[in-house]
Amino acid sequence: MSEERRRVTEWLERLDARGPTLELGCGAGALAGVGEDYVALDLALTPLRRIGGRAVLADMEALPFREGSVGSVFTWAAMEHVPHPERVLAEVARVLRGAGVAIFAPAWHCRPWAAEGLEFRPYSALRTTQKIRKALIPLRNAIWWRAIFEVPRRISRELRGRSRAMPFEYDRLSPNLDEYVGTDSDAFTSMDPQAVAIWFASRGWDVVSHRTMRERMLARHEAVVARKR
């Protein structure tokens with residue numbers, strides 16, 4: 001069993017999630033069959049043909065399901081490839097029934113230089129400005145450097161989310177849709193797991209993976225799991 005399959009299965013079992021279980025962005029089907037009454041959804045037809053069974057060709061920004069008709073939803077390494085992830089969150093909230101479970105595990109914090117493949121391309125193949133940006137990658141990837149910018153943003157979300165339903169805040173990227181030059185080069189957005197947790201918490205959901213402010217402030221690359229109330 002893969003690590004991803006194990007984690008999703010453990011969360012669904014721990015929360016006693018009841019089907020139907022919907023996967024958003026199933027891709028090649030690595031997690032096919034997880035949960036009760038599994039349904040796969042993807043925007044590409046080819047992977048759905050390989051998966052078979054209950055498969056739906058659709059955009060996760062506009063789910064073709066009735067309100068309150070789904071028992072649990074999960075997505076793994078897919079939502080970063082969606083142009084408007086706030087629409088995905090709204091759709092998940094719409095189709096999930098009461099006490100339904102949502103598990104979000106996209107590639108968090110996709111880097112703005114990924115579309116150019118700066119981490120992988122040699123300096124000799126880069127323009128001067130790209131060479132400078134490539135040289136700065138170790139600094140910009142350092143936890144202490146990122147914390148300088150992220151901690152104030154996270155504190156602001158925590159404070160604002162106590163009094164009102166928060167919009168989903170994320171950074172928009174320019175994806176490279178012409179060629180695959182490296183990991184997440186085709187990502188549309190860079191998302192913070194704390195922002196997803198705040199989106200749910202500010203709407204009264206039980207964020208079981210990050211219940212406390214400390215857990216949300218220290219969130220890094222783990223899944224965000226929430227139960228609808």
Is the shortest heavy-atom distance from the side chain of [X] to the side chain of [Y] under 4.5 Å?
X      : Y      : value
His84  : Arg172 : yes
Thr189 : Met79  : no
Met217 : Ile155 : yes
Arg111 : Asp184 : no
Arg7   : Glu222 : no
Leu177 : Phe188 : yes
Trp113 : Ile137 : yes

For this session: May I have the step-by-step check of side-chain contact (heavy atoms from CB on, under 4.5 Å) for Phe65 and Val73, ending in yes or no?
Result: CA-CA 12 Å; Phe65 303 102; Val73 176; over 6 Å; no

Exercise. What do the steps show when you test Gln194 against Glu150 for side-chain contact (heavy atoms from CB on, under 4.5 Å), and what is the final call?
Worked result: CA-CA 10 Å; Gln194 186 253 9; Glu150 289 300 324; over 6 Å; no

Could you tell me whether a side-chain N or O of [X] sits under 3.5 Å from a main-chain N or O of [Y], the two making a donor and an acceptor?
X      : Y      : value
Ser202 : Met166 : yes
Glu215 : Arg211 : yes
Arg229 : Ala99  : no
Arg220 : Pro193 : no
Glu91  : Leu63  : yes
Arg227 : Leu15  : yes
Glu86  : Pro167 : no
Lys228 : Ala93  : yes
Arg140 : Lys134 : no
Ser190 : Asp171 : no

Problem set entry | Worked verdict on Glu23 versus Asp42 for side-chain contact (heavy atoms from CB on, under 4.5 Å) | CA-CA 8 Å; Glu23 180 182 8; Asp42 204 280; over 6 Å; no

For this session: In plain terms, say whether Arg133 and Glu116 are close enough for a salt bridge, that is, a side-chain N and a carboxylate O under 4.0 Å apart.
Result: yes

Exercise. Quick one: do Arg6 and Glu3 make a salt bridge, cutoff under 4.0 Å?
Worked result: yes

Non-hydrogen atoms of [X] and [Y] that approach each other most closely:
X      : Y      : answer
Ala115 : Ser174 : CB-O, 3.2 Å
Glu169 : Arg157 : OE1-NE, 2.9 Å
Lys131 : Leu126 : CE-O, 3.2 Å
Phe104 : Trp108 : O-CZ2, 3.5 Å
Ala107 : Glu80  : N-OE1, 3.1 Å
Ala40  : Ile51  : CB-CD1, 4.2 Å

Answer with yes or no whether the hydrophobic clustering places [X] together with [Y]; edges join I, L, V, M, F, W, Y residues whose side-chain heavy atoms lie under 4.5 Å apart.
X      : Y      : value
Trp205 : Val196 : yes
Leu96  : Val39  : yes
Leu31  : Val56  : no
Phe74  : Met60  : no
Leu89  : Val95  : yes

Roughly how far apart are [X] [atom1] and [Y] [atom2], rounded to 0.5 Å?
X      : Y      : atom1 : atom2 : result
Ser72  : Ile103 : OG    : CD1   : 7.0 Å
Arg121 : Gln130 : CZ    : CD    : 5.5 Å
Phe200 : Phe168 : CZ    : CZ    : 9.0 Å
Leu12  : Tyr38  : CG    : OH    : 11.5 Å
Cys110 : His81  : SG    : NE2   : 7.0 Å
Leu24  : Asp59  : CG    : CG    : 10.0 Å

If you count the non-hydrogen atoms of other residues, nucleotides and ligands that lie under 6.0 Å from [atom1] in [X], is the total more than 12?
X      : atom1 : value
Leu139 : CG    : yes
Arg214 : CZ    : no
Glu10  : CD    : yes

Exercise. Should the pair Arg203 and Trp199 be classed as cation-pi, given the thresholds of under 6.0 Å to the six-membered ring centre and 45° from the axis?
Worked result: yes

Problem set entry | For Ser156, the option from Arg154, Glu158, Arg160, Arg153 that meets side-chain hydrogen bond (donor to acceptor under 3.5 Å, both in side chains) | Arg160

For this session: Please test Val101 against Val225 for side-chain contact (heavy atoms from CB on, under 4.5 Å), starting from the C-alpha separation and ending with a verdict.
Result: CA-CA 7 Å; Val101 175; Val225 185; 4.1 Å; yes

